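It should be emphasised that the depicted structure is a prediction, and the values quoted were computed from it without experimental measurement. Side-chain atoms are counted along with the backbone in the values below, which use heavy atoms only and exclude waters and symmetry mates. Below, chain A is the first sequence line, B the second, and so on; all start at residue 1.
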Number of protein chains: 2
Amino acid sequence: MTREREIVDRCEVSCIHEDKVKEVRQRMLEEEAAQSLAQLFKALGDTTRVKLLFALMQQELCVCDLAAVIGLSESAVSHQLRLLRHQKLVRFRREGKVLYYSLADKHVERLFGQGFEHVTE
Amino acid sequence: MTREREIVDRCEVSCIHEDKVKEVRQRMLEEEAAQSLAQLFKALGDTTRVKLLFALMQQELCVCDLAAVIGLSESAVSHQLRLLRHQKLVRFRREGKVLYYSLADKHVERLFGQGFEHVTE
DNA sequence: CAAACATATGAATAGTTGTTCAGATATTAT
DNA sequence: ATAATATCTGAACAACTATTCATATGTTTG
């Protein structure tokens, strides 16, 4: 047995199902899409932000109220709201000095709904 | 004006809408529930895991295939699969030495669906 | 305009997370 | 039993993230 043959043999010793891998790879989602999706879920994947969104599911609230509801500094809340804003999960309207935040659309509620179902089953 | 009244007054100097805060707090979700939900979304909030789940949406695959599909070491994939397993997002069956992973249930697909809608709109 | 207030932001820091590497299990074949 | 293979696991390290603190911005009121 030559040295080359040995190497080839070693490479073939693998559990990969080439056909499956090829097929799945072709229908795989783009790197960018995967990242966007991950970022969306990442935005939902934090206890503080879950609480913020849950509170906003009930009614629109200002930063100050949100801070009081979840028991965190207004600064911390503001930072997190920015993140949620960038993911278009919340929006806000200004009334004088006060900014009232609310959920951006129905997607968030549905995502939460699905999440709840999964967690509480 | 008594001393007590003074203190109350001072506390009122704030943007907090006490009534709203009280109401929302009462209907607030438990700390534990918030954490579970956050953990679920956190599990979905990573590019590698998004790819893994997307691949598994197409068909069941072994660790080795998954590693080949997304171009990462088997060890890294295994670590991530464990996380997904703990969140009950994937399950597996053994066939000899090989473990075939697949999505745990329909929740994941629906969550992904909702996520996609949000990201690609 | 200046003071007061609600919110936002930047920097710093502590805590968390993903990958790699080395080694451990578990299953099958010899 | 031993060797080979597929997967798992623990430790370590780099990269990322959430909160805090100090300060800035923007809006109203006097």
Margin query: On the nucleotide dG18(C), are OP1 or OP2 found under 4.0 Å from the side-chain N or O atoms that R82(B) carries?
Written below: no
Note to self: Suppose we screen for side-chain hydrogen bond (donor to acceptor under 3.5 Å, both in side chains). Which residues come up paired with E121(B), at least two apart in sequence or across chains?
What the structure shows: H107(A)
Residues from [range] sitting under 4.0 Å of DNA chain C, heavy atoms only?
range	result
residues 84-95 of chain B	R94(B)
residues 29-58 of chain A	none
residues 71-78 of chain A	E74(A), S75(A), S78(A)

Margin query: Can you confirm whether more than 12 heavy atoms, excluding those of E31(A), are under 6.0 Å from its CD atom?
Written below: yes
Notebook entry, point to check: Is the F54(A) ring parallel, tilted or perpendicular to the F116(A) ring (thresholds 30°, 60°)?
Noted result: perpendicular
Round to a whole Å and report the spacing from [atom1] of [X] to [atom2] of [N].
X	N	atom1	atom2	result
L83(A)	dA18(D)	CG	P	6 Å
L99(B)	dT5(D)	CG	P	17 Å
K97(B)	dT27(C)	NZ	C1'	7 Å

Check: Counting any heavy atom closer than 4.0 Å, what does Y101(B) reach on the DNA or RNA strands: base, sugar-phosphate only, or nothing?
Finding: sugar-phosphate
Notebook entry, point to check: Does the side chain of L44(A) come within less than 4.5 Å of L40(B)'s, by heavy atoms?
Noted result: no
Next item on the list: Taking the side chain as every heavy atom from C-beta outward, state whether K20(A) and E23(A) have any atom pair closer than 4.5 Å.
Entry: no
Indicate yes or no for a side-chain donor-acceptor contact from [X] to the backbone of [Y] under 3.5 Å, with no hydrogens or angles considered.
X	Y	answer
R94(A)	G96(A)	yes
S36(A)	E32(A)	yes
H118(A)	Q87(B)	yes

Checklist line | Transitive ILVMFWY cluster of L83(A), excluding itself - 4.5 Å side-chain cut-off | finding: none
Item checked: Any pair counted as disulfide bond (SG atoms under 2.5 Å apart), so long as it reaches residues 57-121 of chain B, sequence neighbours left out -> C15(A)-C64(B)
Next item on the list: Compare the ring of H79(B) with the six-membered ring in the base of dT9(D) and state whether they stack (centres under 5.5 Å, planes under 30°).
Entry: yes
Next item on the list: To the nearest 0.5 angstrom, please state how far the CD1 atom of I70(B) sits from the CG atom of D65(B).
Entry: 12.0 Å
